[in-house]
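Encoded as structure tokens, the structure appears first; notes follow it.
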Amino acid sequence: QVQLVESGGGLVQAGGSLRLSCAASGRTFRDAAMGWFRQTPGKEREFVAGIDRSGGTFYADSVKGRFIISRDNTKNTVSLQMNSLKPGDSAVYFCGKTRRVAFFATRDYLAAQNSYDTWGQGTQVTVSS
């Protein structure tokens with residue numbers, strides 16, 4: 001059984017940084033793409049960043065240039081480095097693992113919630129002004 005566990009959320013001042021980490025158990029990590037989504041009360045879960053098996057990365061326009069997604073296949077982890085944080089970044093952040101995919105993935109595939117078959121429990125990020 002695959003399980004994802006996020007960590008690293010917390011409270012930070014605007015302009016600050018946080019690094020989220022997602023640890024994956026199971027044997028299919030290397031065969032999957034990974035992504036980060038976020039959700040605020042009353043809003044639909046939105047795509048933040050994704051990374052395919054080749055290491056190719058994709059970002060939502062709202063975070064491009066500020067956030068960096070990376071993966072470490074030797075440790076079965078994916079991270080999200082968040083810099084220059086804004087109050088609008090406050091949300092619960094979820095790590096997701098896709099179904100088995102080809103080496104390369106498209107942006108549209110990584111941005112679609114139904115591409116993912118496993119989700120973490122979420123970690124709260126709060127950015128104060």
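In this chain, numbering begins with 1 at the start of the sequence shown. Source: prediction; values computed, not measured.
Listed by chain and residue number, nothing satisfies the salt bridge (Lys or Arg N to Asp or Glu O under 4.0 Å) test with Arg99 (two or more places apart in sequence, or in another chain). Taking Ser129 as the reference, nothing meets the side chain to side chain donor-acceptor pair (under 3.5 Å) condition, with sequence neighbours excluded.
Heavy atoms only, all atoms of each residue included: Ser84 and Arg66 are closest at O-NH1, 3.0 Å. When all heavy atoms of Asn76 and Asn73 are compared, the closest pair comes out as OD1-O, 3.4 Å. Between Trp36 and Ile69, the closest heavy-atom pair is CD1-CD1, 3.6 Å. Taking each heavy atom of Arg53 and Ala33 in turn, the nearest pair found is CG-N, 4.5 Å. For the pair Cys95 and Val78, the tightest heavy-atom approach, listed with the atom from each and the gap, is SG-CG1, 3.6 Å. When all heavy atoms are compared, the tightest approach of Ala24 to Phe29 is CB-CD1, 3.7 Å.
Taking 4.5 Å as the limit, every side-chain heavy atom of Arg38 sits out of range of all side-chain heavy atoms of Leu80. Side-chain atoms of Arg100 and Thr28, non-hydrogen and from C-beta on, never get closer than 4.5 Å to each other. Between Thr123 and Val92, the closest side-chain pair of non-hydrogen atoms is not below 4.5 Å. Looking at heavy atoms from C-beta onward, Lys86 lies out of side-chain contact with Val127 at the 4.5 angstrom threshold. Residues Asp117 and Thr98 are not in side-chain contact: their nearest non-hydrogen atoms beyond the backbone lie 4.5 Å or more apart. Leu110 is not listed as a side-chain neighbour of Asp108, based on a closest heavy-atom distance of 4.5 Å or more.
Cluster annotation: Trp119 and Ile51 are assigned to distinct hydrophobic clusters (Ile/Leu/Val/Met/Phe/Trp/Tyr, side-chain heavy-atom contacts under 4.5 Å, transitive). Met34 and Tyr109 are assigned to two separate hydrophobic clusters, defined by single-linkage of ILVMFWY side chains at heavy-atom distances under 4.5 Å. Follow the hydrophobic side-chain contacts under 4.5 Å out from Phe94 and you never reach Val125; the two are in separate clusters.
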- Item | Test log, rule side chain to side chain donor-acceptor pair (under 3.5 Å), inputs Ser25 and Gln3 | CA-CA 5 Å; Ser25 63; Gln3 184 177 18; 4.6 Å; no
When you look at Ser17 and Asn83, which way does the side chain to side chain donor-acceptor pair (under 3.5 Å) test go after all the steps?
CA-CA 4 Å; Ser17 298; Asn83 301 315; 2.9 Å; yes
Full working for side-chain contact (heavy atoms from CB on, under 4.5 Å) between Glu44 and Gln39: CA-CA 6 Å; Glu44 197 172 66; Gln39 188 169 30; 5.6 Å; no
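Sequence neighbours left out, the pairs with a member in residues 47-93 that pass ring pair (Phe, Tyr, Trp, His ring centres under 6.0 Å) are Phe37-Phe47.
The CD atom of Gln121 sits 8.5 Å away from atom SG of Cys22, with the distance rounded to the nearest 0.5 Å. We find the CG-CZ distance between Asp52 and Arg71 to be 8.0 Å, quoted to the nearest 0.5 Å.
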